[in-house]
Protein chains: 2
Amino acid sequence: MRVCNEGFDKAFIDENRDMYAISFTQYVLSGRWKYFILWYLRGETRRYTDIKKFLGGLSQGSLTKQLRELEQDGVIKRDVYPEVPPRVEYSLTDKGNKLLPILEKMEDFGKEYG
Amino acid sequence: MRVCNEGFDKAFIDENRDMYAISFTQYVLSGRWKYFILWYLRGETRRYTDIKKFLGGLSQGSLTKQLRELEQDGVIKRDVYPEVPPRVEYSLTDKGNKLLPILEKMEDFGKEYG
DNA sequence: CGGAATCCAGAGTGATACTG
DNA sequence: CAGTATCACTCTGGATTCCG
């Protein structure tokens, strides 16, 4: 659900800056696999194939789409090494690292109730 | 995206309890309006109509569905007062309150980058 | 190896009409 | 006031195929 504050008028947003902020973050994290990808990349640089292997049966098309969105939102970095065969590595940006506290709190909740 | 750990086999889950926990939390929070509803209910008991008014042009059908899911997942409580006209109030459960730290971290991120 | 392009099924969302 | 029921639409994720 890639939607960020649609349906809210300006007055509402001005009066609810906190909710606007939450909505923005929800937008960045929207997607079935974003949480897993970020979690897998924390503190490590990973290759495309390794991410795919880690996530199981996820199709290439879907994985690439999620990675592109994360890259465009500035939370992951994509480094291409023009070798043969080609090598592409992904890692978290500083911005991406700032998402980890959210994942940690989600982990806490899930471990208590899941 | 009401999906919780589909596509992961048991071995994967056993080796990745933290991701399983995150996935569970993502499941509980999945839905366009869940974050807003929880945020609006923090520390307060609210009536159905007030929630609807707060969220803007959201249709009754959609709001009811989100509230039902939150109730079934045990994060909000629904109290019915059989008056005329009827009154229904919603509030966070203890479990629901445990979700607030996640929202706070999301607020932090959104205020820094949104 | 790491994609891009295309198509499709299904979930999620919402508008509308009706009810106790 | 606070729903339920139905229908229609959109968007995402996934399968498939092809490429440098």
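Just so we're on the same page: letters track the sequence lines, and every chain starts at 1.
Inspection of the A:Y35 and B:T25 side chains reveals no N or O donor paired with an N or O acceptor under 3.5 Å. Defined by atom type and a distance below 3.5 Å, a donor-acceptor pair is present between the side-chain atoms of B:Y113 and A:K98.
With DNA chain C read from its 5' end, the first of the two nearest nucleotides for B:L58 and A:D50 is the one closest to A:D50.
Straight-line distance from the CG atom of A:L70 to the C1' atom of D:dG13: 15 Å, rounded to whole Å. Between the P atom of D:dT12 and the CG atom of A:L63 lies a distance of 17 Å, rounded to the nearest Å. Atom pair A:K52:NZ and D:dA15:C1' shows a separation of 11 Å (rounding to whole Å applied). Between B:E89 atom CD and D:dC1 atom C1' the separation is 12 Å, expressed in whole Å. In this structure, B:E83 atom CD and C:dG20 atom P are separated by 20 Å, rounded to whole Å. Distance CG (A:L55) to C1' (D:dA15): 17 Å, rounded to an integer number of Å.
Residue A:S62 places no side-chain N or O under 4.0 Å from the OP1 or OP2 atom of D:dG13. Taking only side-chain nitrogens and oxygens, A:Q60 never comes nearer than 4.0 Å to OP1 or OP2 of D:dT16. Remark: B:R32 is not in phosphate contact with D:dC11, judged by side-chain N or O atoms under 4.0 Å from OP1 or OP2. Residue B:W33 places at least one side-chain N or O under 4.0 Å from the OP1 or OP2 atom of C:dG14. Considering only side-chain N and O atoms, B:S59 lies under 4.0 angstrom from the phosphate OP1 or OP2 of C:dA15. Phosphate contact (OP1/OP2 of D:dG3, side-chain N/O of B:Y90, threshold under 4.0 Å): present.
Just one of B:Y40, B:W39, B:Y48, B:F36 meets the ring-ring contact (aromatic ring centres under 6.0 Å, His included) condition when paired with B:F54; it is B:Y40.
A:K65 comes within contact range of at least one nucleobase, with a heavy-atom separation under 4.0 Å.
Closest contact between the side chain of A:Q66 and the listed nucleotides D:dG13, C:dA4, D:dC1 involves D:dG13.
Ion pair A:R42/A:E44 not flagged as a salt bridge, since none of the NZ, NE, NH1 or NH2 atoms sits closer than 4.0 Å to an Asp/Glu carboxylate oxygen.
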